[in-house]
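Bear in mind that the values here come from a model prediction, so they are computed numbers and not experimental data. FYI, side chains are in, hydrogens and waters are out, and symmetry mates aren't considered; it's all heavy atoms of this structure. Below, chain A is the first sequence line, B the second, and so on; all start at residue 1.
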Number of protein chains: 2
Amino acid sequence: MQLTLKQLRYFVAAGENASVTKAAQAMFVSQPSISSAILHIEEQTGLDLLIRHHAQGVSLTPTGQRFLLKAKQLLTEADNLGKFATSLTEDVSGSLRFVSLPTLAPVLVPPVMHQFVERHRDVQVQCEEADQEKIISGLLTGRFEFALTYDIKLPPELDFTPLVDFPPYVLLPQTHPLAARDELQIQELAAEPMVLLDWPLSRDYFYSLFLAAGVEPNVAYRAKSLAMVRGLVANGLGYTLFNTPLANHISLDGNQMAVVPLAGSPRPTCLGLATLHGVRATPAAAAFIDMLQQHVGQFDQHNTEG
Amino acid sequence: MQLTLKQLRYFVAAGENASVTKAAQAMFVSQPSISSAILHIEEQTGLDLLIRHHAQGVSLTPTGQRFLLKAKQLLTEADNLGKFATSLTEDVSGSLRFVSLPTLAPVLVPPVMHQFVERHRDVQVQCEEADQEKIISGLLTGRFEFALTYDIKLPPELDFTPLVDFPPYVLLPQTHPLAARDELQIQELAAEPMVLLDWPLSRDYFYSLFLAAGVEPNVAYRAKSLAMVRGLVANGLGYTLFNTPLANHISLDGNQMAVVPLAGSPRPTCLGLATLHGVRATPAAAAFIDMLQQHVGQFDQHNTEG
DNA sequence: AGCCTGTATAGGATTTTCCTATACCTTGCT
DNA sequence: AGCAAGGTATAGGAAAATCCTATACAGGCT
């Protein structure tokens, strides 16, 4: 049994107008179109839907009345699906799920999320943290609407929109001999004990800065979390390199650190948005991205100032 | 925006199989059919539903996931409509509304209705009483599924199924001189005061019995209800003619009446079912009619006995 | 009786759907 | 690197569904 929405529409129109001809006028088609559509339904279902009167329209049989009710329900549901579709393209609503590298998420996402949920209270936002590989597969499989990450190892199916450059800087114990300097050469650091943030992208990037200068770092400690790296540095176990701008330089155990820029404008990392090529952002995603761009503007100013 | 159920079905299949090709196999159509159907939805709605991977199927975008959910809902509703249609042709369920002449209804309907609702507790039965004109228009407009009436003035759109013949008989006051007779000639009654049930069909029918015998009745009183006619007769105001077999002959105020058959097998009234020509009875109606036919069988025996 | 109204049918035109063949791109194996 | 395999989109023509005009047909209305 295969009924078309169109056929049902025609039948409902005929039933409600008690006339095939009036239905045809209402639906802007010819009278036989309505007639044959109804005949088709009757044939498919084996129901007698209409009583055909001569020269005075049609009436619904009792089963026709019952069927019309249900058919009408289905049609309004179908209309609702259409409305739902347009709402998906127009309204900031529903849910929003995106992903970020863990280095960036805690710094950038909370303030924007705060602003966003205040403006769009009915939207369910979820931000996940994952490494670049999971980010990419998550974007490709539609798990995330966009990602906050670096332009590294992204496949061609993903578009990248740069947001802001983060130049690397040195984070040292307050007591470090180099802590008072205005800026530091990468070569000066090579011999010093380093605390390395041991994540795939970070590791490669910071290594590359040394390699570009023809030296190698002296990695004394490795750690897998931002908080741990900062704790080690703050307690005098070495320096580290960062690129994400952090608003405080006090470790979780309460020790102060010093920040010194790297000399010679080393290659910065470019933070940006990864999205699926050819897939339009949902209104919610677009709104969030908009706020995010506004928010990172402040870091741009920092950079141009510095 | 005009989406087809078929297109939605194809999209859902593709989304759930994460593959256009697999969907095509599942739906027994070619792969481009699926592809173009989805493309059509995307074009109509402006949504990006799928992420096309090279050589490894497709994924749903976040909006695609949301849309799929709703589309699936709609499709199950559509299937339900189909199931509903077949249930209308197969199951004794829902509601049943029919109509009867008021002379017949209180005698025939209650016992059958009792039996019916006991067997089909979930069916809502309603029996209305109306004159022949309203019965006919009610059948033609689909208000009633069938009617219990006589084969009189029925238009050709209505089919008539005879159930049982009711021969007319005389109802007299117990004290009436003719009350003790075995049978009565119509001519013997002509001069006697008659109480007439003043309803269109009854009136014409009983009159016609006299006219066929070449005499005219002496109508002393007219009444519009069965109970009133019986009351008048029981209290000695005249005789009356009936055709419906009543199981008691005591008026509402407690007076006994006598029943005497008419001699010479006068033309009986034929009780039967009026239904719409070309419209199949619903299962509920068919079941009720079946019980009704069983029930009236007993009157047939009475007739053949008498 | 004859016109009007309204539905069903016939037949051809148009639009939609469908299929085959093919282009195009990536994955994975050699 | 190159080549086969797997998967989607496109092209173009065939098949099917839909639609329209014209007409048959039948009862209501005057």
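- Side-chain proximity of B/Pro32 to D/dC20, C/dT20, C/dT7: nearest is C/dT20.
- Between B/Leu39 atom CG and C/dC18 atom P there is a gap of 14 Å when expressed in whole angstrom units.
- Straight-line distance from the CD atom of B/Glu157 to the P atom of C/dT7: 14 Å, rounded to whole Å.
- Side-chain proximity of A/Val58 to the nucleotides C/dT7, C/dC19, C/dT17 is greatest for C/dT7.
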Taking it one step at a time, do A/Lys72 and A/Leu68 satisfy side chain to side chain contact (heavy atoms under 4.5 Å, CB included)? CA-CA 6 Å; A/Lys72 225 172 138 183; A/Leu68 181 134; 4.3 Å; yes
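- Residue A/Gln7 has a polar side-chain atom (N or O) positioned under 4.0 Å from OP1 or OP2 of D/dT18.
- In this structure, B/Phe98 has its ring center no closer than 6.0 Å to that of B/Phe144.
- Listed nucleotides D/dC20, D/dG28, C/dA8 differ in distance to A/Val20; the shortest reach to its side chain belongs to C/dA8.
- When the C1' atom of D/dA26 is taken as reference, atom NE2 of A/His53 falls 14 Å away, rounded to whole Å.
- For the residue pair A/Leu3 and B/Leu5, the shortest heavy atom distance occurs at O-CD1, 3.7 Å.
- Aromatic ring centres of B/Phe160 and B/Tyr150 lie farther apart than the 6.0 Å criterion allows.
- What separates CD1 of A/Ile34 from C1' of D/dC19 is a distance of 11 Å, to the nearest Å.
- A sub-4.0 Å separation between OP1 or OP2 of C/dA8 and a side-chain N or O of A/Arg52 is present.
- Mapping A/Gly57 and B/Ser30 onto DNA chain C by nearest heavy atom places A/Gly57 closer to the 5' end of the strand.
- Dashed line: the shortest gap from a side-chain N or O of B/Ser35 to OP1 or OP2 of D/dA9 is under 4.0 Å.
- Counting heavy atoms from C-beta on, the side chains of B/Leu201 and B/Thr103 never come closer than 4.5 Å.
- The distance from atom CE of B/Met27 to atom P of C/dT17 is 14 Å, rounded to the nearest whole Å.
- Taking only side-chain nitrogens and oxygens, A/Lys6 never comes nearer than 4.0 Å to OP1 or OP2 of D/dA17.
- Taking only side-chain nitrogens and oxygens, A/Ser36 never comes nearer than 4.0 Å to OP1 or OP2 of C/dA8.
- Remark: B/Thr21 is not in phosphate contact with D/dG7, judged by side-chain N or O atoms under 4.0 Å from OP1 or OP2.
- Protein atom CG of A/Leu140 is 16 Å distant from nucleotide atom C1' of D/dT8, rounded to whole Å.
- Taking for each of A/His54 and A/Tyr10 the nucleotide of DNA chain D with the nearest heavy atom, the 5'-most of the two is the partner of A/Tyr10.
- Each of B/Ala18 and B/Pro156 lies near DNA chain D, and the nucleotide nearest B/Ala18 is the one positioned closer to the 5' end.
- In this structure, A/Ser19 reaches the sugar-phosphate backbone alone: every heavy-atom distance under 4.0 Å involves primed, P, OP1 or OP2 atoms, never a base.
- Whole-Å rounding puts the A/Leu5 CG to C/dT16 C1' distance at 16 Å.
- In this structure, a donor-acceptor pair under 3.5 Å is present between the side chains of A/Arg66 and B/Ser95.
- Spacing between atom NE2 of A/His40 and atom P of C/dT9 amounts to 14 Å, rounded to whole angstrom units.
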